Amino acid sequence: MSDTSTFDLAKSGTFKMGSHTVKRIGYGAMQLAGPGVFGPPKDRAAAVAVLRAAIEAGVDHIDTSDFYGPHVTNQIIKEALHPYPGDLTIVTKVSAKRGPNAEWVPAMSKEELTAAVHDNLRNLDLDVIDIVNFRSMHGIHGPAEGSIEEQVTVLADLQRQGLIRHIGVSNVTPTQIAEARKITEIVCVQNQYNLAHREDDALIDQLAREGTAYVPFFPLGGFSPLQSSTLSDVAARLNATPMQVALAWLLQRSPNILLIPGTSSVGHLKENLAAGELELPEDALAELEGIAGKKAA
């Protein structure tokens, strides 16, 4: 695999989130925390090295949250990268906290959301956060209907105070996106989406027409990595890894898709970034389109 310094991440294009224009391949920091996204990593120096390698390779978009750890991931980002490069966009999310047994607990009150924004500011050592995503906890494992007006209003108030530049939403339905847009500009939507999990196909197309970024979480399957004989066969023909093909497919799926694959390994980071230089031919795209259908069957 090529050295990260040789990657041309701009080859995949750029897209805007509010006033921030970023390359379409970024980095998701969740895996920098310990097992289960809880506690410290086994090797903090390795986590620092991954972040620095990402920036050296040209990554200008990092996705994080102060409930990763909790606090751990943001503190590692600060240690590795502060003072931050001028072109780096840091995106965080709020609305959850971690229980004593590492459980994910909704934290959507005004007081909890305000405290979460201040926690992010403190642990990242920032005066203002580029983008804060409100992650709906009406459904823990996927979008579920329920009003998010109160929560987005809290973030909009913090935005007016100068603590947040832009607001996004995560784990949401189209109805919730429309509700949030009545309160403030929504610069990005972050939902689960990948080759096998394609419930948001129509939403992605709509957001693309509107010029809104779509940032899929678990682009490689998350806690249940993508496994498909079709994916493996296509990857073998293209002399690539299955995960590189899965990321390349997302880049070709729609120009408003921004990737934030996460890893705690410099080696895997290099593989992920190299996916931006992989062009999938039409026959491969046609084969890959069938993966979601097989999953549904």
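Here the structure is a predicted model, which means the values were calculated and not measured.
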Side-chain donor-acceptor contact under 3.5 Å, [X] with [Y]:
X: Thr64; Y: Asn74; value: yes
X: Thr184; Y: Gln159; value: yes
X: Asn133; Y: Ser170; value: no
X: Thr173; Y: Glu145; value: yes

(request) Can you see which heavy atom on Val50 is nearest to which on Leu269, and at what distance? (result) O-CD2, 3.7 Å

(message) Does the plane of the ring in Tyr193 sit parallel, tilted or perpendicular to the ring in Tyr214? Use 30° and 60° as the thresholds.
(response) perpendicular

(request) Take Glu79 and Arg44 through the test side-chain contact (heavy atoms from CB on, under 4.5 Å) and record every step on the way to the result. (result) CA-CA 10 Å; Glu79 176 184 342; Arg44 188 180 181 98; 2.6 Å; yes

(request) Flag yes if more than 12 heavy atoms outside Asn239 fall under 6.0 Å of its CG atom; otherwise flag no. (result)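 12 or below, so no.
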
(message) Any salt bridge linking Glu289 with Arg198? Criterion: basic side-chain nitrogen under 4.0 Å from a carboxylate oxygen.
(response)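 Yes, Glu289 and Arg198 are salt-bridged.
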
(message) Using a strict threshold of under 4.0 Å (side-chain N to carboxylate O), is an ion pair present between Arg98 and Asp66?
(response) no

(request) Check whether Ile186 and Val154 end up in the same hydrophobic cluster, where Ile, Leu, Val, Met, Phe, Trp and Tyr are linked by side-chain heavy atoms less than 4.5 Å apart. (result)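 Yes: a chain of side-chain contacts under 4.5 Å links Ile186 to Val154.
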
(message) As a quick check of understanding, evaluate side-chain contact (heavy atoms from CB on, under 4.5 Å) for His82 and Ile77, giving each step before the final call.
(response) CA-CA 7 Å; His82 195 278; Ile77 291 172; over 6 Å; no

